[in-house]
Structures are given as structure tokens and as C-alpha cells.
> 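One structure, as C-alpha cells, below. Some questions next.
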Amino acid sequence: MHKIWLIIKREYLTKVRKKTFILSTILFPLLYVLLIFGSTYLANSSGKKLNVAVVDSSGYFDAGRIARENRLDSSAVLYYVTTAPAILRSTLDKTEYDGFVVIPANANWETGLKDLSLETKRTMGLESSYMIQKKLNSIWSEVKNEKLGIDENKKKVMETSLVTISPINIKDKNANSGIASIIGSVAAILIYIILMLYGSQVMMGVMEEKTNRIAEVIISSVKPFQLMLGKIIGIGMVAFTQILIWLSFIMIIYNVSNIGSSSSMNNIIGGVQTVFTSTNIPLLFFFFIFYLMGGFFFYSSLFAAMGSAVNEDMREAQSLSFPLMMPIIFSMLMMGAVIKDPTGPVAFWGSMIPFSSPIIMMIRIPFGVPGTVPWWQLGLSMIILVAGFIFTTWFAGKIYRTGILMYGKKPSWKEMIRWAFRKN
């Protein structure tokens, strides 16, 4: 045990003292926030204001209605024109309009408008078409209200009397579907990044020690299994440290949330406080750490085995590690289905299989325990993950013991499995 502890200490101190660890720990949260806000800003700032002509043959879309609608929303500007569609079509390239819509003469407020065409001089995206469609629908709703005798007062009464539904989990009243989706997605993404990043680091570290012949010196004093276990736990503690620092940043934001008086700051603070007050944070924190470390140990042992079997060829390492990455990637692809139905068969089986349970179960847990995720499912998932880690550690240890001292031969999966089950 003393030897394993020395290996753990060496791996941990070597990694956390590197500049790359310090920079990634500080920069990742900043880059993540900048990525979200930056992409939103670019999407909003790069959008061109559309000028669309409306040729009305029905008499419903008059200039006054269009002018009022433009004042409400300036994302797209509608212009009331009387030019014939054929002339407008032939001269569109020479006008200031990006396109035009023709309201047919047989438009009926009872049956509504369907299948209108937006003729443009360039192909528009779906969002641009949606903005124009939204404005036309707003004007058409005003027309129907007038025909039905619904004035502004009646309209406000109708809007305020609409039914609103907020799902409440009877067994866990803190569970909120909107917040649960956000928390589950963020937790899944963090686990995904840690598994891919640090799993690869385990494999690269083993490969480096093997190619530099350092492993030969080390295993003269310790057993190969002790070396592998110490390396996995040491790098796992590095990942745990980084996650704790990121979570500490979140807690600091929450604790200073009463500072600041601007309206925009208050909105952000209110959103953060809503997340903390409507979620069982201690429960989420415990299970996040458990599934993060459980998933890391499960996959890292296999990555270590792959690293021990590979020589200096990086393409060989990529080809052997790709089957290990596929379940992690597939788990992320299932995120949408799990959020849509966290109690469905996809969510259940995904949270039981140890290859996907670290990500899938952390998507489900914010939706409520024991409401959405019964205690027996949670306990069974944890037991299977621990059993899976024990098995993969044994399995990888057998491969590691043979592969770490084997040079010059390109192993196959079939051969590595034979190493694992070979009797000594």
C-alpha cells in the first residue's frame, strides 16, 4: 500500500504543478462562458435586418397595420406596396427589398392564410422566414379579432385567463423540469469532458513511460498492477481537484449574489439563486462526485490497458482507444432522449449499463429522487458501476502486466483478451 501511495503522490504532484493544469483550470470556465455569450452575441449582431414588401390583394393588410407591427418588432421590416407581383418579381434585384409576399385576393379570415410564398433574391435561413411569418401572423390575428368583435380589453382578458401548467414532482417538490434539464446537461458535459480528457491522459502517460523505458525501472520495485492502480488514482485525484475548484467558483458566485444593484446583474443573480433554491444541492453534489469518479476509474483502467499495449505509433493508439470512446460519445447522443423522457426505457437501461451510467444517471437525478429515479434504481446503478470498475481494473491489470513489457509487436483486441484470461 505504501508503494501505491508513493505512485499516487508522484502522479498527482507532477500533474497539478504543470502550467497546463493551472491554465486549463482557470481558463476553461471563462472560455465556456465566453463561448455561450459570444456565440449568442455573434448570432444577434450578424443578423441582417430584412426588408420585405407585402403585396396585399385582399384588403386586410393595410399600411397602418404593417406600420404598427414594425414598431413592435424591428427584426424584419414590412413595406406595404401596390406594385404588381410580376413587375416586382422582374425588378427585385434593383430594389431595396430582400423579398416580397403576395396576399391573395381570396384570403378569408375564417379559413385563414396557408402556403404563402416568400419570393427572395437570395436564399434565406429558417430563422429569417420565421420572423416574417411571425409578423404576418400577428397582423392576421388582429384582423380576425376585429371580425369577431374582440377588442383590446377582451383580448387582454382572454390572454390573462389562459391555462398555465408547471409540473410538480409530488415525491420531490424541489424538482423542476426546466432547471433539471439545465443541471443534467451541464453535469453530463462535465463528466464527458473529464472522461475523454483525463482518460486520454492516463493512456498517454502509460505510453510515455513504456516508450521511455521508465516502466521497466519502476516495475523492478513494484508490481505492474500497483503501478497501474497508483497512476489511475493519482490522475483521478487531479481530475477531482479541478472539478472541486470549478464548483468552488460556482459557490463563490452564489455567496456574493447579493452584491450589485443593476437590473441585468439582478436577473443573473436571480437565475443563479433559483437554481440553488429549487434543487437539492448536497444530494446532487454527492452523486455527481460518485458518478464522475466511478466513471473515471471504470474507463481509465481500460485506457491504461490500451496504453500499455501500444508502442510509439499514435495511429495505433487511436485505433485501439476508439472503441472505448464510442460508449462515451453515444451516451452524450442519448442526452436528448433522456431529457425528453427521464423515466423511459432508454433512460433506465442507459443508467444501469456502466459504460453509459455515469452520464445518463447524472442527467436523470436532477429530475427528482425518488420521484423520477427510485432509490432502488439509484442503488442498483451504483452497485453495477462499482462492480464494473472492479472487473475492468482486474481485466486491465492482466493486460497491463503483459503489455507494459512487450515491444515491437502490434497487438489486437483478440490478443489482449487472451492476455487477460491467461492463467499464470
Side-chain angles (χ1 to χ4, degrees), residues 34-165 178 181 263-264 267 336 339-340:
L34 288 175
L35 180 64
I36 294 174
F37 288 100
S39 60
T40 304
Y41 172 77
L42 289 175
N44 293 331
S45 61
S46 62
K48 178 185 176 183
K49 184 182 291 186
L50 299 174
N51 299 317
V52 178
V54 177
V55 182
D56 181 29
S57 304
S58 66
Y60 293 134
F61 289 74
D62 56 58
R65 284 195 176 99
I66 290 178
R68 286 195 300 273
E69 192 61 37
N70 285 333
R71 286 196 295 270
L72 295 174
D73 182 10
S74 61
S75 57
V77 181
L78 303 182
Y79 294 88
Y80 179 82
V81 298
T82 57
T83 310
I87 297 175
L88 195 58
R89 187 177 293 111
S90 61
T91 60
L92 188 61
D93 289 336
K94 301 176 183 179
T95 65
E96 61 179 344
Y97 306 125
D98 296 299
F100 68 93
V101 177
V102 178
I103 310 299
N106 62 349
N108 191 319
W109 65 272
E110 293 180 341
T111 57
L113 292 175
K114 295 180 180 179
D115 300 327
L116 294 182
S117 297
L118 173 62
E119 300 189 41
T120 63
K121 54 188 176 184
R122 59 183 176 84
T123 302
M124 292 186 182
L126 291 176
E127 185 177 355
S128 301
S129 302
Y130 172 75
M131 289 188 296
I132 299 167
Q133 177 180 296
K134 180 182 177 182
K135 282 199 166 188
L136 293 175
N137 279 330
S138 179
I139 297 173
W140 192 241
S141 297
E142 183 182 335
V143 170
K144 289 189 291 183
N145 289 337
E146 289 183 2
K147 294 295 182 180
L148 292 171
I150 301 174
D151 57 17
E152 285 298 320
N153 292 330
K154 292 180 181 178
K155 185 179 178 182
K156 289 180 180 178
V157 171
M158 292 173 62
E159 290 176 350
T160 56
S161 62
L162 293 175
V163 176
T164 59
I165 297 177
S181 300
S263 58
S264 59
N267 290 334
I339 291 176
K340 183 178 179 181

> Determine the minimum heavy-atom distance between Ala53 and Val81, stating which atoms define it.
CB-CG2, 3.8 Å
> With the side chain counted from C-beta on, respond yes when Ile139 and Ile66 share a heavy-atom pair under 4.5 Å apart, and no when they do not.
yes
> Looking at residues at least two apart in the chain, or sitting in another chain, which of them share a ring pair (Phe, Tyr, Trp, His ring centres under 6.0 Å) with Phe100?
none
> Can you classify the ring geometry of Tyr97 versus Tyr79 as parallel (below 30°), tilted (30 to 60°) or perpendicular (above 60°)?
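Rings of Tyr97 and Tyr79: tilted, 30 to 60°.
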> Can you tell me how far the CG atom of Leu136 sits from the OG atom of Ser138, to the nearest 0.5 Å?
9.5 Å
> Going by side chain to side chain donor-acceptor pair (under 3.5 Å), name the residues that satisfy it together with Glu119, two or more places apart in sequence or in a different chain.
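Side chain to side chain donor-acceptor pair (under 3.5 Å) check on Glu119 returns Arg89.
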> Below 4.5 Å, heavy atoms only, C-beta onward: do Thr95 and Asn51 meet side chain to side chain?
no
> Could you check whether any side-chain heavy atom of Asp98 comes within less than 4.5 Å of a side-chain heavy atom of Thr120, counting everything from C-beta outward?
no
